[in-house]
Amino acid sequence: MQDHLIIFDTTLRDGEQAPGIALSPDDKVAIAHQLAKLRVDVIEAGFAASSAGDFKAVSRIANEVQGPIIATLARTHPDDVDQAADALKGASRKRIHVFNSTSRIHMEQMLRMTPAEVKASVIEAVRRAKRYVDDVEFSPQDATRSDPDFVAEVCRAAVDAGATTINVPDTVGYAMPDDFVALLTKVYGEVRAGNEDVVISTHCHNDLGMAVANSLSAIHAGARQIEGAINGIGERAGNTSTEEIIMAVSTREDFFGVEVGADTKEIFETSRLVSRLTGYPVQYNKAVVGRNAFAHESGIHQHGVLRNRETYEIMDPAAVGQESVIVLGKHSGRAAFSDALTRLGITLEDVDFQRSFERFKKLADRKGEISEEGIRAIVAEEMGGLPGEMLLVAIHMSGGSDETPTARVTLSRDDEEITSESEGDGMVNAAFVAVQDAFGIAAELIDYRVEPITSGADAMAVVNIVVKVGSETHRGRGVSTDVVEGSVRAMVAAMNRAAIGRVAVDGRPA
Ligand code: KIV
Ligand code: ZN
């Protein structure tokens, strides 16, 4: 059987220390329930002595959340340890996490304590915590900038006083994998002698973007607990991201040789909940939980993924509660467009497919991403055509607020092109008159509606119009990111309908 890697989640303690986050006790309880569903092993629910709100949240989580061990942080002050124990009273599985700093800069500048005083405070606090709970964790804060001999000495003293987990924090994100492993190996060697059950843990910050790498490197040095926060939130640049650790060791079990008990399918839901309640967005390209983590944009990648997902995906998106997304954009090819049509239940003849695809590429070049509604609208417009219809080739608009708006519209049918120019009392009006002139048909506009079908500054819109020609009405529909172009397309569609059966002997619509 493989070694178990303990996932210690500190979203509710270190994660909440991220600037601007203030979770209410209700929010914290909701996140704790979700973390229990994710089946992390330990939930650090807060820092009980830090505020009345945190005490309440820790105490509610201790009473209400079943499954994981519930932990709370405590300085070495006797009162902190007592409050931690008090807040954890209701938990069936509980841990007190004691910490004090071991780096020179922290001891001299912040604590104003000598190394001997720090060591004594740790021994006393661990012993005190042990009076309340069996499970006590100790962390030498700023370990990676501390004298390794002193870190090992204090950790050994903590273990002798009863600590069952020794957590080595890279508090300021200073370590690199190699020196972090060297420090851990030393501490491990020191504290483990005669105490085989002591668990070595890591807690890495991300100031140099190394938190996950440093944490993972520690597994080979014997670490069997990794601390992290969902979405990597936490002080400054944040913590190791819990979900990245879970997926790294699950995906590369062959490399790490450890297993985790997490229900990975709950990862995405947990990430979204934390993002929503903290107000911290998840960056689009964030590993595992980013909106683009399983999104494929280039034609080559899309082609590969549509044939076999594993050509470009090392994790099954369903395993983390996500799904693959084929982003239909300017880099997409025929394979992706065809796949989108299949998913929409649309079958096209070759010639219609070609025309719709060309139109899609033109639009995507301007807009970037085209949604499913966008595809539907493009196809509907392209398919709305009639045999012998006129197609829009170009529109040129000039004039504006000070000058009379002028539109020049070029249409084609078979090999013939017709250009018509007209003025109007607005851009759309000028363009409508130009289209009617090109067809040689006078029409009265009786309905005009613009509906956005995608959001954002460059949203696509559908323009629907109804025109009256003589006693008959005709509908037209146009899609574009530009309202004038959408309107012209709608008018061309309506005019094509009006022109049915009215083709003159010279072949031009009458
Ligand atoms: O970063 C740190 O050192 C901590 C400790 C309290 C574990 O958060
Ligand atoms: Zn921290």
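Just so we're clear, the structure is a prediction, and the values are computed from it rather than from any experiment. We count ligands from 1, going down the list as the structure has it; atoms in each ligand are counted the same way.
Checked against the Zn ion (ligand 2), the N, O or S atom of D14 at the shortest distance is OD2. With respect to the Zn ion (ligand 2), H205 has NE2 as its nearest N, O or S atom. Its N, O or S atom nearest to the Zn ion (ligand 2) is what matters here, and for H203 that atom is NE2.
For the pair V42/E137, no side-chain contact is recorded, criterion being any heavy-atom separation below 4.5 Å from C-beta on.
Under the 3.5 Å distance criterion, with hydrogens and angles disregarded, no donor-acceptor pair is assigned to the side chains of Q225 and T165. Side-chain contact of S241 with K286: a donor-acceptor pair under 3.5 Å is present, judged by distance alone. T171 and Q141 share no donor-acceptor pair across their side chains, judged by distance under 3.5 Å alone. Side-chain N/O atoms of Q302 and H331 include no donor and acceptor closer than 3.5 Å. Using a 3.5 Å distance cut-off with no hydrogens or angles, the side chains of Y132 and D86 do not pair a donor with an acceptor. Using a 3.5 Å distance cut-off with no hydrogens or angles, the side chains of D482 and S480 do not pair a donor with an acceptor.
Among the backbone and side-chain atoms of E227, no N/O/S atom is found under 2.8 Å from the Zn ion (ligand 2).
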Please give the N or O to N or O pairs under 3.5 Å between ligand 1 and the protein, distances rounded to 0.1 Å.
residue	atom	partner	partner atom	Å
ligand 1	1 (O)	H203	NE2	3.2
ligand 1	1 (O)	H205	NE2	3.0
ligand 1	3 (O)	T171	OG1	2.6
ligand 1	8 (O)	R13	NH1	3.3
ligand 1	8 (O)	R13	NH2	3.0
ligand 1	8 (O)	D14	OD2	2.9
ligand 1	8 (O)	H203	NE2	3.1

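Considering every non-hydrogen atom in both Q66 and P68, the closest pair reads O-CD, 3.2 Å.
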